[in-house]
There are 2 protein chains.
Amino acid sequence: MPTLAFKLNDHLYLRDPQHTQLGQKIIHSSVLLIDRLGFEQFTFKKLAEEIDSTEASIYRYFENKHRLLVYLIAWYWNWMEYRMEIFTSAVVDPNEKLKTCLRVLAEEKKYDPTFEFVNEEALHRIVIAELDKTYLTKGVDDHNKEGLFGGFKSVCAKIVSLVKEINPNYLFAESLVSTVLITANQQLFFASHLPSLTSLEPNENRYNRLYSFLENVVFCSINADNKYA
Amino acid sequence: MPTLAFKLNDHLYLRDPQHTQLGQKIIHSSVLLIDRLGFEQFTFKKLAEEIDSTEASIYRYFENKHRLLVYLIAWYWNWMEYRMEIFTSAVVDPNEKLKTCLRVLAEEKKYDPTFEFVNEEALHRIVIAELDKTYLTKGVDDHNKEGLFGGFKSVCAKIVSLVKEINPNYLFAESLVSTVLITANQQLFFASHLPSLTSLEPNENRYNRLYSFLENVVFCSINADNKYA
DNA sequence: ACAAATATAATAGTATTACTATCATTAATC
DNA sequence: GATTAATGATAGTAATACTATTATATTTGT
């Protein structure tokens with residue numbers, strides 16, 4: 001099976017890194033390096049040393065390190081959507097489809113050999129720790145116009161359509177879904193670093209607990225037959 | 001009525017800014033400047049120019065700009081807790097208390113003359129745009145040990161205790177509350193910048209809609225008498 | 001009122017970052 | 001085999017996030 005590649009928004013990069021060796025090394029190593037150092041401490045210089053290349057060469061692929069981060073996180077959401085498609089394609093009941101999406105969202109991430117040069121485990125830690133930094137900038141509006149957040153928005157829209165299929169009268173579909181997508185990662189961060197803010201345990205069972213929490217929040221809200229519905 | 005001051009964690013500052021004129025100018029102007037420039041573009045040098053002082057002087061109050069941000073946001077959560085106390089003190093029913101807390105959380109923020117040198121409207125915009133940056137760092141664990149996040153954790157704990165009073169069997173109190181505290185601000189950000197991710201409108205009614213959303217999520221989850229409870 | 005202590009200002013300096021520019025070299029392609 | 005394009009090597013710049021030193025106010029205790 002050939003290595004697949006996602007078609008990501010043009011504005012994310014200057015030169016498409018998926019199609020060259022250097023580009024793939026940039027993706028591969030930046031995931032590991034950002035995971036290790038954190039985005040603040042990560043620099044193109046350090047990355048260049050890591051892959052035996054130069055700062056200048058990396059700048060030919062990405063305008064700056066922020067765009068690279070946005071690229072990686074867009075890649076992650078494309079991957080999420082791709083997995084959601086795979087696992088829901090055979091399912092008909094929208095309730096079950098929605099549950100499947102939440103499972104994919106909450107599950108522990110493992111290396112996916114379909115995409116050779118991306119370590120999804122490390123990438124997931126990056127998403128947990130850095131996702132918010134992609135849009136919490138003074139440039140959001142411009143970046144949004146360029147379509148840089150398309151991956152996340154697409155996953156959100158997909159799940160929103162399931163919610164509306166299940167309950168067309170539910171008033172807060174978009175808010176509920178964006179909340180759940182973000183809190184899924186946030187709660188894992190809390191489990192590791194601020195345990196008093198979460199009901200998840202720090203052990204391996206947390207992924208199941210996380211799923212239960214998300215399922216609870218989502219289905220209680222959209223199925224509620226009380227005055228809060 | 002005298003200007004009140006919050007007792008914030010010692011580790012947030014080197015010299016307590018609430019007790020000196022320069023310190024108060026630092027707080028006052030940093031709120032306005034971070035709001036205007038965003039945290040990334042904000043520097044102590046620019047702040048020094050703004051208040052006709054020097055970088056070196058500001059460094060005697062705060063170790064670095066990150067601590068100043070954490071300080072301001074801790075101040076915000078202290079203020080939130082203070083307001084929640086005020087408005088819930090006369091209420092007995094825990095359901096009503098919880099609703100009141102959510103109202104305080106979701107309401108539009110206006111200048112509170114009790115605290116002369118803090119512009120709460122601008123500070124709220126900072127919380128919306130920068131909150132996550134306070135803990136999404138490689139230093140979280142150390143900062144947490146120092147107690148830098150006490151303000152947020154305290155508000156969270158207070159609301160968790162209400163949730164548990166209402167339904168002692170609910171399994172996800174901490175996760176639900178931290179999710180709600182964070183999403184309240186996040187949804188307002190989306191309403192301004194990424195409207196496809198939220199069910200709030202960008203107009204002034206969004207604060208009421210936000211409250212409805214939060215009430216819906218919280219009460220559906222904790223009162224659900226279905227299999228998801 | 002005066003000395004001592006402390007806070008602030010003024011100024012300078014440093015390592016690092018986030019780039020940009022130039023030119024040489026290697027590799028791919030036509 | 002020549003042309004084009006990608007990469008590497010190197011240098012340079014403005015800004016940032018500090019630290020250090022000394023001078024000057026301002027406050028405080030006696």
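Residue numbers begin at 1 in each chain, while the letters A, B, ... track the order of the sequences.
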Check: Quick check: does any side chain N or O of A:Lys65 sit under 3.5 Å from a backbone N or O of A:Glu40, one acting as donor and the other as acceptor?
Finding: yes
Margin query: In this structure, how many angstroms lie between the P atom of D:dA15 and the CZ atom of B:Phe42, rounded?
Written below: 18 Å
Item checked: OP1 or OP2 of C:dA9 under 4.0 Å from side-chain N/O of B:Ser57 -> yes
Check: Which nucleotide sits closest to the side chain of B:Ala56: C:dT8, D:dT16, D:dA20?
Finding: D:dA20
Next item on the list: Using the six-membered ring wherever Trp is involved, compare the ring planes of B:Tyr135 and A:Phe189 and label them parallel, tilted or perpendicular (cut-offs 30° and 60°).
Entry: tilted
Item checked: Phosphate-side-chain proximity, B:Arg15 and C:dT6, N/O vs OP1/OP2 below 4.0 Å -> no
Next item on the list: For B:Gln24 and C:dA7, give me the distance from atom CD to atom C1', rounded to whole Å.
Entry: 15 Å
Next item on the list: Would you kindly give the CD-to-C1' distance between A:Glu49 and D:dA9, to the nearest whole Å?
Entry: 14 Å
Notebook entry, point to check: Are A:Phe44 and A:Phe62 an aromatic pair by the rule of ring centers under 6.0 Å?
Noted result: no
Next item on the list: Round to a whole Å and report the spacing from NE2 of B:His19 to P of D:dT28.
Entry: 13 Å
Checklist line | Distance in angstrom units between A:Gln41 CD and C:dA15 P, rounded | finding: 18 Å
Next item on the list: Report the C-alpha distance between B:Ile126 and B:Leu69 in whole Å, list the side-chain angles of each, state the deciding distance to 0.1 Å, and finish with yes or no for side chain to side chain contact (heavy atoms under 4.5 Å, CB included).
Entry: CA-CA 9 Å; B:Ile126 293 176; B:Leu69 178 67; 3.9 Å; yes
Check: Any idea which of D:dT16, C:dT8, D:dG8 is nearest the A:Leu22 side chain?
Finding: D:dG8
Margin query: Tell me which residues in residues 59-73 of chain B lie within less than 4.0 Å of DNA chain C, going by non-hydrogen atoms.
Written below: B:Arg60, B:Tyr61
Next item on the list: Look at A:Ser53 and D:dT7 and indicate whether a side-chain polar atom (N or O) is within less than 4.0 Å of OP1 or OP2.
Entry: no
Margin query: Looking only at the side chain of A:Thr54 (C-beta and beyond, no hydrogens), which of the listed nucleotides D:dA20, D:dG8, D:dT7 gets closest?
Written below: D:dG8
Next item on the list: In whole angstrom, give the distance that lies between atom CD of A:Glu55 and atom P of C:dA18.
Entry: 9 Å
Next item on the list: Keeping the roles fixed (side chain from A:Lys133, backbone from B:Leu136), state whether a donor-acceptor pair exists under 3.5 Å.
Entry: yes
Next item on the list: Check for a donor-acceptor pair, side chain of A:Glu120 on one end and backbone N or O of A:Asp112 on the other, with a separation under 3.5 Å.
Entry: yes
Item checked: Rounded distance in Å - CD1 (A:Ile26) to P (D:dT7) -> 8 Å
Item checked: Check: A:Tyr71 ring centroid to A:Tyr61 ring centroid under 6.0 Å -> no
Next item on the list: Grab the CG-P distance between A:Leu47 and C:dC19 for me, whole Å please.
Entry: 14 Å
